[in-house]
There are 2 protein chains.
Amino acid sequence: MNATQTLKNFDLRHTNGREEVLNLFLGADHALSHGDIENGLGPDHDRVTIYRTLRTFLDKGILHKVLDDGGNPKYALCRETCAEGNHHHDHVHFKCEDCGQTTCLDQVIIPVVALPNGYSRKEMNLLIQGVCQECNK
Amino acid sequence: MNATQTLKNFDLRHTNGREEVLNLFLGADHALSHGDIENGLGPDHDRVTIYRTLRTFLDKGILHKVLDDGGNPKYALCRETCAEGNHHHDHVHFKCEDCGQTTCLDQVIIPVVALPNGYSRKEMNLLIQGVCQECNK
DNA sequence: GTAACTGCAAAATATTTGCATCCTT
DNA sequence: AAGGATGCAAATATTTTGCAGTTAC
């Protein structure tokens, strides 16, 4: 997955800011908040543009919002399994209570749970909180 | 479950505001946001006090934070299954994409999912999005 | 050239803190 | 009486909007 190519794939113009944000996500193994991105990019990036970039990426389906117990939203790339035409909507995220990082557990599959009558399901998000591999050492 | 008694149980002073907030939750079958509470209580309630009331209830374990896909956090009562001494931490919530309401599905149990090696779990939150009973009619 | 994107200023919204006053116990 | 809770003002943080100027295509 390459930033420039991705932008092209999604019919977005190539700009410095977008490329840098994408690369941040490509290099991260955990979900990023708006603040993480601001820090990761260095000082000469406009806060507003980052907001707009994130929204654009969300709209296009490049990123998805990650549920967190805390206040502020985080974002992560939609990986392999939800690429073009096969965009599935189940996500499992792990929030480490020690280091605070939220990781996408792409390999974990949410078992089917029975819903009460009359409910229909479209998307599922499972957030597991605990202690991660690193912090358990 | 009774407001006055609940406050006593949790070693909290009985005040008008707290009782009214608790009653709102007792009468609601879905999770409430700060805004919902402000509306539900009428105009002569201080926004700041509501913030503090919510935090107090969270700290005491009377309420729990409900994960939502949207921006703003919601809250719901900890019901039967997580009463005194048996406070378990798995929650299933259903967010209807039509009416926007988030409901706690207390009866639904999250199946055990296998975590990668080294991870330990403490708490799980499952958010299912779809269409609810009412809106499916 | 044109539409899309950015950057700045400012508005709107959300949340927290300080402090004097009031109320519960 | 004493400590906790409230209400108001104000500080802080977060997100959105408007608009002029710039850039990708």
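Note on naming: letters A, B, ... go to the chains in the order of the sequence lines (proteins, then strands), and numbering restarts at 1 for each one.
The CZ atom of B:F57 sits 16.0 Å away from the NZ atom of B:K65 when rounded to the nearest 0.5 Å.
In the helix from C:dG1-D:dC25 to C:dT25-D:dA1, the end axes, each obtained as the rotation axis mapping the C1' atoms of four pairs onto the next four within a five-pair block, lie 40° apart to the nearest 10 degrees.
When atom types are taken as modelled, the side chain of A:N136 and the backbone of B:G118 share a donor-acceptor pair closer than 3.5 angstrom.
Extent of DNA chain D lying under 4.0 Å from chain A heavy atoms, first and last nucleotide in 5' to 3' order, is D:dT14 to D:dC25.
The cluster map of Ile, Leu, Val, Met, Phe, Trp and Tyr, joined by side-chain heavy atoms under 4.5 Å apart, puts B:Y119 and A:V92 in the same cluster.
Under the side chain to side chain contact (heavy atoms under 4.5 Å, CB included) criterion, B:Q129 pairs with A:E123, A:N125, B:D69, B:K95, B:E97, B:L127, not counting sequence neighbours. For A:E134, the salt bridge (charged side-chain N to carboxylate O under 4.0 Å, His left out) partners are A:K137, not counting sequence neighbours.
Using a 4.5 Å cut-off on side-chain heavy atoms (C-beta onward), A:R18 and A:R13 make contact. Using a 4.5 Å heavy-atom threshold, the side chains of B:I37 and B:L54 count as touching.
Under the side-chain hydrogen bond (donor to acceptor under 3.5 Å, both in side chains) criterion, the residue pairs touching residues 47-57 of chain B are B:E38-B:R47, with sequence neighbours excluded.
Sequence order on DNA chain C of the closest nucleotides to B:Y51 and B:H14 puts B:Y51 first from the 5' end.
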Could you list, one pair per line, each protein nitrogen or oxygen that sits under 3.5 Å from a nitrogen or oxygen of nucleotides 2-6 of chain C, together with the distance?
unit_1 : atom_1 : unit_2 : atom_2 : d
C:dA3  : N3     : A:R13  : NH1    : 3.4
C:dA4  : O4'    : A:R13  : NH1    : 3.2
C:dA4  : O4'    : A:R13  : NH2    : 3.4
C:dC5  : OP1    : A:R18  : NH1    : 2.8
C:dC5  : OP1    : A:R18  : NH2    : 3.0
C:dC5  : O5'    : A:R18  : NH2    : 3.3
C:dT6  : OP1    : A:T15  : OG1    : 3.0

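Side-chain contact check for A:N16 and A:E20: no donor-acceptor pair (N or O, by modelled atom type) lies under 3.5 Å. Donor-acceptor pairing under 3.5 Å is lacking for the side chains of B:D29 and B:T103.
What separates NE2 of B:H34 from P of C:dT15 is a distance of 7 Å, to the nearest Å. Rounded to whole Å, atom P of C:dG7 lies 10 Å from atom CD of A:E20.
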